[in-house]
Amino acid sequence: GEKAASEKKPAEKAPSKKKPAEKKPAEQKTSQKEGGEKKKKVRKHHASRNPVLARGIGRYSRSAMYARKALYKRKYTAPETKIEKKKKEKPRATITKPVGGDKNGGSRVVKIRKMPRYYPTEDVPRKLLSHGKKPFCQHKRRLRASITPGTVLILLTGRHRGKRVVFLKQLATGLLLVTGPLVINRVPLRRAHQKFVIATSTKVDISGVKIPKHLTDAYFKKKKLRKPKHQEGEIFDTEKEKYELTEQRKSDQKAVDSQILARIKQVPQLRGYLRSTFCLSNGVYPHKLVF
Amino acid sequence: VFKRFVEIGRVAFISFGPHAGKLVAIVDVIDQNRALVDGPCSGVRRQAMPFKCMQLTDFVLKFPHSARQKCVRLAWEKENINEKWAATRWAKKIEAREKKAKMTDFDRYKVMKAKKMRNRIIKHEMKKLQKMSSKKGKKPEKSEKVKKAQK
């Protein structure tokens, strides 16, 4: 019995000895793993170390909490950036300059960045009269939410008044680039003003249409010939009054329209709709119409 | 002279007010001007409502006066008032009016084209019949009968 027991013990001990021996490297590995994982993972936050006496009142003061939370060893600084490293090289503050004259001592030490010679009595300097007044090129352009690429617009002014037209995009000056298409209602690629246009809720899908990039405001702007060499009498003759169609306009029109016409054909009756003009008749009130 | 009466169970259409356009059943009469009204299937809570804003319909439900909402709902669903109402000319006219008001510019164009086509077809048939009647002067009665049938 005892021998068996004693035999058993060393037998048990031997394997048990082995096991811890085996376990240790395994444990170390796991503990290392866990430690590593812990370092990567966010450590579990400790509950508040400041027991509550009443609502809003803690047991310990600010300084006691500082010690309790061991913030003295938890001071972090942001990592030094390369810019900061570069900035450590301070620029020169003074410079010595040679000075002429006999008895002047040859050189002076001069500050490079000097103190201001005048401090104004007001902290905030007076604003210029032109404050906040921007030139036209810097104005904010807005576009009504109802006008999106592909919307059918009704032109209200100009020689194409009443015609229904497809909207392409808004140009840099805020004017809308619009096209008939030409074959449908004889409206070419043209600019229209947002304010003089009714946006209908009918939209054509223009998602894949590529509008050439050279169609800008400068392309559409009216050209003025001015040669001040002439003196009064002949000026009015030389200025271009008639608009002349150029080949470039024709080719651009074709390029854009061919893409759009395909989309228009897919919607039934849209072609006829674009061909028609808008008009009011008896009993039709624009404020009651849903466009 | 009067065909529709205010009675318990009469279904009424609310013409103005916050519940405009909904159907309610008259549950009880409060006084000369107001009724206790309930519209469980049309989203109107049980409340007092003046007669002025109610327009009586042809439908009458059967439930005792001051019946609770559950009974009103049962009677309403048994009679299938919602479907019957949608089938009436009254409701269809209302719907048509709403649709017309919502018409967009494109819709108006399509309607105009459809009307034009329809009128053209009708005119064409009329002209045919007129020609027939003028040619065959012997049978003016027949063409009149056909004209009446066309209308």
Side-chain angles (χ1 to χ4, degrees), chain A residues 144-156 160-167 176 178 180-181 184-185 187 192 196-206 260 263-291, chain B residues 12-23 39 42-44 52-55 57 82-83 85-128 130 150-151:
Chain A
R144 294 209 292 259
S146 51
I147 303 180
T148 62
T151 315
V152 173
L153 306 172
I154 301 175
L155 300 175
L156 295 173
H160 299 288
R161 62 192 82 98
K163 291 203 182 164
R164 296 185 174 100
V165 127
V166 176
F167 168 69
L176 313 177
V178 127
I184 295 183
N185 50 19
V187 177
F196 303 109
V197 134
I198 294 180
T200 64
S201 49
T202 321
K203 313 235 186 234
V204 184
D205 184 23
I206 292 202
I260 296 178
R263 320 279 165 124
I264 290 175
K265 275 195 181 171
Q266 288 169 8
V267 182
Q269 297 191 301
L270 188 60
R271 194 167 177 276
Y273 175 57
L274 290 172
R275 288 188 71 202
S276 63
T277 49
F278 174 77
C279 59
L280 296 170
S281 57
N282 262 350
V284 177
Y285 306 109
H287 71 288
K288 286 208 158 179
L289 286 180
V290 168
F291 283 102
Chain B
F13 172 79
I14 304 175
S15 52
F16 62 85
H19 297 287
K22 298 184 188 165
L23 291 179
S42 51
V44 181
K52 275 194 181 172
C53 69
M54 287 192 271
Q55 294 174 348
T57 65
N82 283 338
E83 284 185 16
W85 168 252
T88 58
R89 283 180 178 265
W90 188 347
K92 286 185 191 166
K93 273 191 265 173
I94 295 172
E95 209 201 308
R97 221 177 296 144
E98 281 175 23
K99 277 194 182 170
K100 195 175 182 189
K102 278 193 211 166
M103 262 204 294
T104 72
D105 198 41
F106 192 23
D107 292 336
R108 255 171 269 132
Y109 169 79
K110 289 192 239 182
V111 161
M112 181 262 285
K113 283 283 172 182
K115 266 195 194 172
K116 212 173 171 188
M117 226 198 312
R118 177 169 170 254
N119 289 337
R120 205 167 274 180
I121 296 171
I122 293 173
K123 251 193 211 171
H124 184 67
E125 292 297 315
M126 272 292 284
K127 297 273 173 165
K128 267 205 276 181
Q130 279 174 354
Q150 283 276 332
K151 280 180 187 173

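If you take OG on A/S276 and CZ on B/R108, they are separated by 11.5 Å, rounding to the nearest 0.5 Å.
Within the 4.5 Å cutoff, side-chain heavy atoms of A/V267 are placed close to those of B/F106.
Interface remark: A/I154 contributes side-chain atoms only to the contact with chain B (heavy atom separation under 4.5 Å). Using a 4.5 Å cut-off between heavy atoms, A/V284 does not touch chain B at all. In this structure, the portion of B/K102 lying under 4.5 Å from any heavy atom of chain A is its backbone and not its side chain.
At distances below 3.5 Å, not a single donor-acceptor pair connects side-chain atoms of A/Y273 with backbone N or O atoms of B/D107.
A side chain to side chain contact (heavy atoms under 4.5 Å, CB included) with B/D105 is found for one member of A/L289, A/V290, A/T200 and no other, namely A/T200.
More than 12 heavy atoms of other residues, nucleotides or ligands shown are found within 6.0 angstrom of CZ on A/R263.
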